[in-house]
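What follows is a short report on a single structure.
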Amino acid sequence: MAITHNLGFPRIGARRELKFALEDHWRGGLSADELLTLAGGLRKDHWQLQAGLDWQPVGDFSLYDQILDMSVTLGNLPPRVRELGGDELTAYFRTARGRAPADSSERVVAAGELTKWFDTNYHYIVPEFSADTTFTLNPARLLAQIEEAQKQDVPVKPVIIGPLTYLWLGKAKDGSDPLALLDNLLPVYADLLQAIGQAGVEWVQVDEPILVTELPEAWQRAFHLAYKALAGVGPKKLLTTYFGRLADNLELARTLSVDGLHLDALANLDHVERLANQLPDERVLSLGVINGRNIWKSDLNALLNQLEPLQQKLGDRLWLAPTCSLLHVPVDLDSEQRIDPEIRQWLAFARQKLDELTTLATALNQGRDAVQEVLAANAEALRSRRESDRVNRAAVKARLQSVDGRWGQRQSVFSERIRLQQDRLSLPPYPTTTIGSFPQTGDIRQIRRRYRQDELDERRYQACIQHEIARCIREQEALGLDVLVHGEAERNDMVEYFGEQLDGYAFSQFGWVQSYGSRCVKPPILYGDIQRPNAMTVDWIRYAQALTDKPVKGMLTGPVTMLNWSFVRDDQPRSVTCIQLALAIRDEVLDLERAGVNIIQIDEAALREGLPLKRSQWQDYLDWAVDAFRLAANGVADTTQIHTHMCYSEFNDIIEAITRMDADVITIETSRSDMELLAAFDRFQYPNDIGPGVYDIHSPNIPSHDEIVGLMTKAAQRIPAERLWINPDCGLKTRGWQEVVPALENMVAAARTLREAA
Ligand code: GLN
Ligand code: ZN
């Protein structure tokens, strides 16, 4: 009998119920009790949706983040939060958000840091350590959920984060080594496992995803020590790895003292045979066979071809699961009413992925005949996808073949073309600009909503947006900015806006995926060869440019960001998809240039996010990602100025790639790092123009004239003044005009001061 289980289920709810409840609670609406009741209801629904699996995850549900939950379980909330006292839920949300629900301002504390969860777009709250951190067991949440699930006859398999991954993900504020805390931590894990065992649990899932990263030797040794110390304590342990190949850690994972091992079988195909042959006798091998990160149907027949011989060998010891927690996919394809039926039949969300799992197990346990129709339908759906001429467009493939290496090359080097650009643009020293978006007011949202719902026809919609653009241009002229933007009033989202205008993209209505806390994203679905039927932005920019003598920047999202913020196809390498996107953006760039737009910004906000987990694969990614950007940007004449924007502050390890992008101007986030990050640009002798963000747009604070002058003076110590621009950190869409106007006034005044001093 092949056994089925799941590693984790999306917690936000098919209709984002948890999001709305949390936000209501934080505003002081929903009480804590009401929130907890709603959460219990969601857990119940989610267990019901997983019914039929042999083991279901328990404890994977979280009100905010599973790592923060683990910090609570281990008694490791930050001391500054614990000092404030209050009940557990208050402390929990204080750690997550810096304030308790509907808190008064004096109780604001620094929130825990948010960081990307491996190479996903989920973000977790970083555990905080110092040399003298101690841990105390607080198992109440987990034990209560175990009991709750048992009462509902759920086949309970609790999920916890393993001790090494917990330590690895945390940060020691005093620079001490988190690994030194392992001795303190292990007894608490032992007690936790014991408590779980006493609750009548047979298996516990212990997540150690860091086993797919490149681990230092000390950590590899620590794995052996830790699992030896925990051997035989509490229930049987399923050591769980995901997000990629075990690679160098395969032997380590195989030989740890645990009762079962889960791995991503799709990424470890070549390891699986060997593991099946070499796994110690009673050990369980759990194979992640359904991709937990994408939204495509699996090829069930092909999987069965691989699994049948394994089942012969392993019998009951073969478990099947998704590759990783289903946290990273939307809940239910059945909610979708608007996805084109042809495309829809190729897709599987969380529920459908679990159905696939059950089909596989039934075929293995009872023979393929028992699920013959399902398998046939699956094969038919896959065939339809493979053969669809919306997926494979001959014209796009042909164009890809014709791409010439020189397409990514500017005509002249930066030092020559910047002179030509200056001749044409005649900008003052320290030119001022913004990153693209201006406040997305209620009016603007309403215009877009009414247009979407067909309450506004094309002509009236256009007039309304033009009215907003005109306002935006007027404000910028009054402020005295040097390079203007049209303000992006027509855009809901920087990826969706372009995806909607490209062939090869589809959109879900409810395909939300948790990003952090109550925040969700709805990645567009890139299903086919990409082509651009029509110009996407030219009319808006042309309209804006006609209103002013100042240069207006064209504003585009770059190919790498489009790729990294979409669900992308799995039937060709990401690099190929990225080049297709690049060609579509390139067409737009050239259309803008032809329309007389002299400055074009191509945002690559998510370039860094796409870095692979393993350092050894970074270079390959950066090579093709930068090639894609260059292909999109570099078809222009020397006189056309290319800008790019990135909203993060770690450039040290990718500065070489950034340099190779060769944008004439890069605007970056720096204000929070006090211009420190310019050191990387300085050290690497970054040759082109830079606009270091002079104020943090995430905060409502208005930067003063003096602060901005101070920051730019610091910047000028690193970067020659003639290569500096002045701009905010990022787009202004989340701010109000009443904040934007005084902030930009100060910014423009600071630029004047700096020019006079020069
Ligand atoms: N041009 C976009 C804006 O200004 C950039 C957004 C981003 O970097 N995330 O909103
Ligand atoms: Zn940004």
Taking all atoms of both residues into account, what is the closest heavy-atom pair of Leu49 and Phe9, and its distance? CD1-CZ, 3.9 Å
Indicate whether any N or O donor in one side chain lies under 3.5 Å from an N or O acceptor in the other, for Glu609 and Trp565. yes
Side-chain donor-acceptor pair present, Asn184, Thr134, cut-off under 3.5 Å: no
Run the side chain to side chain contact (heavy atoms under 4.5 Å, CB included) test against Ser286 and tell me which residues pass, sequence neighbours left out. His5, Leu238, His262, Trp319, Ala321
Apply salt bridge (charged side-chain N to carboxylate O under 4.0 Å, His left out) to Arg11 and Asp65, showing your working. CA-CA 10 Å; Arg11 50 182 83 124; Asp65 165 47; 5.2 Å; no
For the rings on His328 and Phe243, is their centre-to-centre separation under 6.0 Å? yes
Can you check whether Leu252 reaches His224 side chain to side chain, under 4.5 Å on heavy atoms? yes
Are the side chain of Lys171 and the backbone of Glu128 linked by a donor-acceptor contact shorter than 3.5 Å? no
Do Gln205 and Asp60 pair up side chain to side chain, a donor and an acceptor below 3.5 Å, judged on atom types alone? no
Any side-chain heavy-atom pair of Ser298 and Ile290 under 4.5 Å: yes
Just by distance, with hydrogens left out, do Tyr122 and Gln66 show a side-chain donor and acceptor under 3.5 Å apart? yes
Once the angle between the rings of Phe129 and Phe135 is folded into 0 to 90°, is it parallel (under 30°), tilted (30 to 60°) or perpendicular (over 60°)? perpendicular
Just by distance, no angles: are the side chains of Asn249 and Glu251 close enough, under 3.5 Å, to form a donor-acceptor pair? no
Going by atom types alone, do Glu208 and Tyr227 pair a side-chain donor with an acceptor below 3.5 Å? yes
Any side-chain donor near an acceptor of the partner, Asn277 and Lys313, under 3.5 Å: yes
Does atom CD (Glu273) have a neighbourhood of more than 12 heavy atoms from anything else shown, all under 6.0 Å? no
Between Arg141 and Asp69, does at least one N-O distance fall below 4.0 Å, as a salt bridge requires? yes
If the threshold is 4.0 Å, N to carboxylate O, is there a salt bridge linking Arg608 and Asp653? yes
Assess whether side chain to side chain donor-acceptor pair (under 3.5 Å) is satisfied between Lys353 and Asn291, documenting all intermediate values. CA-CA 8 Å; Lys353 284 174 184 284; Asn291 193 318; 5.3 Å; no
